[in-house]
Amino acid sequence: MMQNELHYIDTHIMNWLTHLDDVIPQLIKDMSTDTKLNRFDLVTNVDKQLQNKFETYLAEHFPGHQLLAEEKDNDTIQPYEGHLWIMDPIDGTANLVKQQEDYCIIIAYFVEGEPKLSYIYDYPHDKLYKAIAGKGAYVNGQPLLPPRELQLRDAIISFGTQYINEDTSKALYDASFSVRNIGSCGLDSVRVIKGQFGAHINTNPKPWDIAAQFLFAKELNLEMTQLNGEPLDFAKSGPFIISNRGCYKAILAIINRDGGYHI
Ligand code: NAP
Ligand code: CA
Ligand code: CA
């Protein structure tokens, strides 16, 4: 794919994301919340309508491009073929509902299985993180540099403590500087991308939770694998870590020792 084609698509998507600034306030004002599988599994009109708007936008401007997204049926998607967009319309829905902060929109573009464009839009803080294949990563247009190496003892790391057994969780607390969890896979990952956190772990993400992170990791020299160190497949996902190179091996060693992290 030619760089100018990528630039053309990027310009379109940037325009679409910018126009959301006029759309989201009203959606939030009219917010209604439903539950899905259980009382913690929330979805709002904001999630659904943002995804619907993006689906309509793609159909109009890029017909033939596929969309794999959280609030739709993805049965007919051929993820490794042609042009594929992956979207989490709101990542951190619980935060949107309970705090109106710490949520983001995740969009990633793959061509023939290769990541080409990534966006993580931290709307409440007006920060748009973007990665372009071969061109690096940016926040609001300013280049991001690969973060300096963080040793585990100096690093804040992030994971949901309830999804990792107590011994492993305690060992991670002891070996790191401390633990924080924002509650949005995209924004926890952004902290790693910016060098603020050493790592973020989600033991059970779906493709839309981690789709954008592949290209940021590639462009910024971060580690991003399954928790056993094996490569991640963007279409299947799996237990996931995105990590600073300085602490990745030490975290995996703790996660996998003495029977592993499973509860
Ligand atoms: P949360 O505040 O609801 O969500 C935190 C992050 O996890 C968000 O990015 C959220 O994305 C994502 N998420 C949503 N459903 C998930 C799922 N089934 N598995 C993994 N990540 C998911 O807090 P949470 O405590 O992590 O719980 C969310 C749900 O995840 C619960 O049903 C829980 O059983 C399950 N879960 C989470 C993990 C983990 O490592 N975080 C591991 C196993 C299971 P959205 O805002 O887009 O939903
Ligand atoms: Ca999500
Ligand atoms: Ca979501």
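Both counts, for ligands and for their atoms, begin at 1 and track the order of listing. Heavy atoms only: backbone and side chains are in, while hydrogens, waters and symmetry mates are out.
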In terms of heavy-atom contacts, does [atom1] of [X] have more than 12 from other residues, nucleotides or ligands at under 6.0 Å?
{"X": "K72", "atom1": "NZ", "value": "yes"}
{"X": "Q162", "atom1": "CD", "value": "yes"}
{"X": "H125", "atom1": "NE2", "value": "yes"}

- Task: Under the ring pair (Phe, Tyr, Trp, His ring centres under 6.0 Å) rule, what do Y129 and F216 come out as? Steps first, then yes or no, please.
- Result: CA-CA 9 Å; Y129 299 88; F216 284 102; 7.1 Å; no

- Message: Please determine whether residues I157 and M224 belong to a single hydrophobic cluster, defined as Ile, Leu, Val, Met, Phe, Trp and Tyr linked transitively by side-chain heavy-atom distances below 4.5 Å.
- Response: no

- What about L50 and V97, same hydrophobic cluster or not, with Ile/Leu/Val/Met/Phe/Trp/Tyr joined at side-chain heavy-atom distances under 4.5 Å? no

Students should be able to answer this: which protein heavy-atom is nearest to [atom], and at what distance?
{"atom": "atom 32 (O) of ligand 1", "value": "N38 ND2, 4.5 Å"}
{"atom": "atom 46 (O) of ligand 1", "value": "G92 N, 2.6 Å"}
{"atom": "atom 20 (C) of ligand 1", "value": "N204 O, 3.0 Å"}
{"atom": "atom 40 (O) of ligand 1", "value": "T203 N, 3.0 Å"}
{"atom": "atom 48 (O) of ligand 1", "value": "E70 OE2, 4.2 Å"}
{"atom": "atom 5 (C) of ligand 1", "value": "G183 O, 3.3 Å"}
{"atom": "atom 3 (O) of ligand 1", "value": "A94 CB, 3.9 Å"}

- Which of these, F40, W208, Y163, Y103, has its nearest heavy atom closest to atom 28 (C) of ligand 1? Y163

- Query: Among L37, T93, D91, I164, which residue places a heavy atom closest to atom 11 (O) of ligand 1?
  - Reply: D91

- Check: Y80 ring centroid to F234 ring centroid under 6.0 Å: yes

- Q162 heavy atoms within 4.0 Å reach ligand 1 at atoms 25 (O)

- Task: Heavy-atom contacts with D88 under 4.0 Å: which atoms of ligand 1 show up? List them by number with element.
- Result: 47 (O)

Applying a strict 4.0 Å limit to heavy atoms, is [X] in contact with ligand 1?
{"X": "I90", "result": "yes"}
{"X": "C185", "result": "yes"}
{"X": "D209", "result": "yes"}

Closest approach of [X] to [Y] (non-hydrogen atoms, all atoms of both residues):
{"X": "I251", "Y": "A199", "answer": "CD1-CB, 3.5 Å"}
{"X": "I77", "Y": "Q66", "answer": "CA-OE1, 3.5 Å"}
{"X": "I156", "Y": "R180", "answer": "CG2-CG, 3.4 Å"}

- Purely on distance, is any nitrogen or oxygen of N202 under 3.5 Å from one on ligand 1? yes

- Message: Does ligand 1 come near enough to G160 that some N or O of the ligand is less than 3.5 Å from an N or O of the residue?
- Response: no

Aromatic ring pairing [X]/[Y], orientation class (parallel under 30°, perpendicular over 60°, tilted between):
{"X": "H65", "Y": "F62", "result": "parallel"}
{"X": "H83", "Y": "Y109", "result": "parallel"}
{"X": "Y121", "Y": "Y123", "result": "perpendicular"}

- Under 3.0 Å from the Ca ion (ligand 2), the protein N, O or S atoms, given as residue and atom: D88 OD2, D91 OD1, D209 OD1

- Item | Salt-bridge contact K48-D34 (side-chain N to carboxylate O under 4.0 Å) | yes

- Item | Short N-O contact, E70 and K36, less than 4.0 angstrom | yes

Quick check on [atom] - does any protein heavy atom sit closer than 4.0 Å to it?
{"atom": "atom 16 (C) of ligand 1", "value": "no"}
{"atom": "atom 36 (N) of ligand 1", "value": "yes"}
{"atom": "atom 13 (N) of ligand 1", "value": "no"}

